[in-house]
Amino acid sequence: MADTFGVGIQLTETEFRVVVHVPSDIDSGWTDPEEFQQLVAEIVWERLDKERVLRAVAETAEPGETLSLGTVTLEPDGSVVECSLEAPSSPTEE
């Protein structure tokens, strides 16, 4: 059974963090949190231009703020079922 996760980028004082919102009724097939986080990050950067996304976050977010990128639906084996990701708008691109 596939699970849908919200994905965002959080800006801290010193770094960017890929943030994954995990549903409370998640499938028990997800057992390694670090491997899972890495998998989601790889999926995001395969589909979005990392430099463009991070630039937009840096230009529009305040430290502590998280900008949503969309959702990723995954099977416990890591297969992508559906992906709805979009880079945030950057003021320099408008």
Side-chain angles (χ1 to χ4, degrees):
M1 179 178 158
D3 293 297
T4 300
F5 306 95
V7 182
I9 299 293
Q10 181 181 48
L11 178 64
T12 72
E13 292 289 340
T14 59
E15 65 186 358
F16 298 97
R17 291 186 184 148
V18 174
V19 177
V20 181
H21 301 280
V22 179
S24 59
D25 60 343
I26 189 169
D27 185 281
S28 61
W30 301 106
T31 56
D32 184 341
E34 288 182 30
E35 182 180 328
F36 168 74
Q37 181 78 14
Q38 183 177 349
L39 172 65
V40 173
E42 287 173 10
I43 291 166
V44 168
W45 301 133
E46 286 172 359
R47 288 160 174 78
L48 297 177
D49 181 317
K50 185 175 186 176
E51 184 178 326
R52 179 176 173 228
V53 168
L54 298 181
R55 185 177 336 108
V57 172
E59 292 174 353
T60 59
E62 297 293 325
E65 188 176 1
T66 300
L67 297 183
S68 176
L69 300 178
T71 61
V72 175
T73 302
L74 301 171
E75 293 284 352
D77 68 359
S79 302
V80 177
V81 174
E82 186 176 333
C83 192
S84 175
L85 296 170
E86 187 174 324
S89 297
S90 170
T92 58
E93 294 177 353
E94 296 175 356

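The model shown is predicted, which means the values in this text are computed figures rather than measured ones.
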List the residues meeting side chain to side chain contact (heavy atoms under 4.5 Å, CB included) with [X], not counting sequence neighbours, and say none if there are none.
{"X": "Glu51", "value": "Asp49, Arg55"}
{"X": "Leu48", "value": "Val44, Val53, Leu69, Leu85"}
{"X": "Ala61", "value": "Leu11, Val57, Glu65, Leu67"}

Do you know the tightest heavy-atom contact between [X] and [Y]?
{"X": "Gln10", "Y": "Gly64", "value": "NE2-O, 3.7 Å"}
{"X": "Cys83", "Y": "Ile43", "value": "SG-CG2, 4.4 Å"}
{"X": "Thr60", "Y": "Ser89", "value": "CG2-O, 3.6 Å"}
{"X": "Val18", "Y": "Gln37", "value": "O-NE2, 2.6 Å"}
{"X": "Ala56", "Y": "Pro88", "value": "CB-O, 3.4 Å"}

query = Would you say the side chains of Gln38 and Glu42 form a donor-acceptor pair under 3.5 Å?
reply = yes
message = My understanding is that only residues two or more places apart in sequence, or in another chain, count here; which of them pass side-chain hydrogen bond (donor to acceptor under 3.5 Å, both in side chains) with Arg17?
response = Glu15
Set of residues satisfying side-chain hydrogen bond (donor to acceptor under 3.5 Å, both in side chains) with respect to Ser68, sequence neighbours excluded = none
key: Other residues, nucleotides, ligands: >12 heavy atoms within 6.0 Å of Glu86 CD   = no
ask   = Hey, are the side chains of Val19 and Ile9 touching, using non-hydrogen atoms and a 4.5 Å cut-off?
value = no
Linked, directly or transitively: Val81 and Val7 (ILVMFWY side chains, under 4.5 Å) = no
Inter- and intrachain pairs under salt bridge (Lys or Arg N to Asp or Glu O under 4.0 Å), touching residues 74-85, at least two apart = none
message = Using the rule given for side-chain contact (heavy atoms from CB on, under 4.5 Å), can you reason through Val40 versus Leu74, listing the C-alpha separation, both sets of side-chain angles and the distance that settles it, and then say yes or no?
response = CA-CA 9 Å; Val40 173; Leu74 301 171; 4.0 Å; yes
ask   = Does the pair Val80 and Arg47 meet the rule for a side-chain contact (heavy atoms from CB on, under 4.5 Å), with working shown?
value = CA-CA 12 Å; Val80 177; Arg47 288 160 174 78; 3.8 Å; yes
